[in-house]
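Whatever order the structure lists ligands and atoms in, that order sets their numbers, starting from 1.
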Amino acid sequence: MTILGTAFGMVFYLLQAVSGESGYAQNGDFEDAELDDYSFSCYSQLEVDGTQHLLTCTFDDPDINSTNLEFEICGALLNVKCLTFNKLQEMYFIKTKKFLLIGDSEIYVKLEGKNITSKKLNIVRIVKPEAPFDVRVIYREGANDFLVTFNTSHLQKKYVKELVHEVAYRQEKNENDWTCVNLSSTKLTLLQRKLQPDAMYEIKVRSIPNANYFQGFWSEWSPSFHFRTPEITELSLWCGPVFLIIRRLWNNCVKNQKR
Ligand SMILES: *[C@@H]1O[C@H](CO)[C@@H](O)[C@H](O)[C@H]1NC(C)=O
Ligand SMILES: *[C@@H]1O[C@H](CO)[C@@H](O)[C@H](O)[C@H]1NC(C)=O
Ligand SMILES: *[C@@H]1O[C@H](CO)[C@@H](O)[C@H](O)[C@H]1NC(C)=O
Ligand SMILES: *[C@@H]1O[C@H](CO)[C@@H](O)[C@H](O)[C@H]1NC(C)=O
């Protein structure tokens, strides 16, 4: 090829690249999109099955064809260098006692044994607690309040014990008008005068690690509990105090008579 020919070729190539209509540019875009497709997210659940921990990863793109793709974790493991994930439909998971819970691991996505993408992460920073359960609300007539209680499996755990619980409640007819309260215990009192009388309420709870050592994500919501607040009748407004006064007078009267 002559120098002139090479120069023409280059100019032609440059024109094509600038116009964005060449096969090269299209291929480039296509490849970028393919690479992005392999991004993934993981979360851990510690001591979910006795002393076994669970690590779950999924591709961010739910439509990815994952037929020949594998996940592997290496580093920060007890006794072994790497572990291969099991696959259940679109979810990749490992249940094991072998997480050191100190230091970073590398997660690999592999196609026919070859690393196609990888990510460094720390098992203790991606903890998703188990959802709280057994949410209950008891009306305490004398105190004019509601006692909210719930349970969490994390009370029985050795590692992720300290959680922040978010209690969310709403009047059922107010679709998205949730009131949220954060707490570290599994008990909360709601004052009766802060709620509408004679109304249906829905209440639910979720948990997140309190970020001392273990960090991560919100749990799923607990199942909801539904309750109705009592009516405020003139009777209940007046009868309570009036009844107390009468009883006190009566007691005094009886005492006085005994003297
Ligand atoms: C996914 O990929 C595998 C092999 O790479 C192929 O056999 C299969 O037909 C593909 N599935 C879909 C739904 O494209
Ligand atoms: C795995 O492959 C990806 C993409 O090819 C690369 O960016 C990454 O550095 C590799 N990771 C390791 C630890 O080899
Ligand atoms: C919480 O649930 C555990 C079982 O998961 C149970 O053993 C425990 O008694 C429950 N605690 C309360 C206060 O209900
Ligand atoms: C509750 O705690 C979470 C996590 O610590 C925080 O993101 C949220 O803003 C808090 N909500 C309230 C109402 O304080």
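Atoms of ligand 1 found under 4.0 Å from any heavy atom of Asn68, numbered from 1 in the order shown, are 4 (C), 5 (O). Near Tyr108, with a cut-off below 4.0 Å to any heavy atom, the atoms of ligand 2 are 12 (C), 13 (C).
Protein heavy atom closest to atom 7 (O) of ligand 4, with residue, atom name and distance, is Trp218 CZ2, 4.8 Å. Nearest protein heavy-atom contact of atom 8 (C) of ligand 4 is Asn182 ND2, 3.7 Å. For atom 13 (C) of ligand 4, the closest heavy atom belonging to the protein is Cys180 O, 4.1 Å.
A ring-centre distance under 6.0 Å is found for Phe71 and Tyr92. Taking the six-membered ring for Trp and the full ring otherwise, Phe217 and Tyr43 have centroids separated by 6.0 Å or more.
Checked against side chain to side chain donor-acceptor pair (under 3.5 Å), Glu90 has the following partners two or more places apart in sequence or in another chain: Ser66.
Residues Asn68 and Glu112 have side chains that never bring a donor and an acceptor to within less than 3.5 angstrom of each other.
Of the protein's heavy atoms, at least one falls inside 4.0 Å of atom 11 (N) of ligand 4. Within the 4.0 angstrom cut-off, atom 5 (O) of ligand 4 has no protein heavy-atom neighbours.
Considering only non-hydrogen atoms, atom 2 (O) of ligand 1 lies nearest to Asn65 out of Asn65, Asp63, Thr67. Between Asn115, Thr117, Ile116, Ile107, it is Asn115 that holds the heavy atom closest to atom 1 (C) of ligand 2.
Aromatic ring pairs are classed by plane angle as parallel below 30°, tilted from 30° to 60° and perpendicular above 60°; the pair Tyr169 and Tyr201 is tilted.
No side-chain heavy atom of Leu147 sits less than 4.5 Å from a side-chain heavy atom of Tyr139.
The cationic group of Lys204 does not satisfy the cation-pi geometry with Phe225, failing either the under 6.0 Å distance to the six-membered ring centre or the 45° limit from the ring axis.
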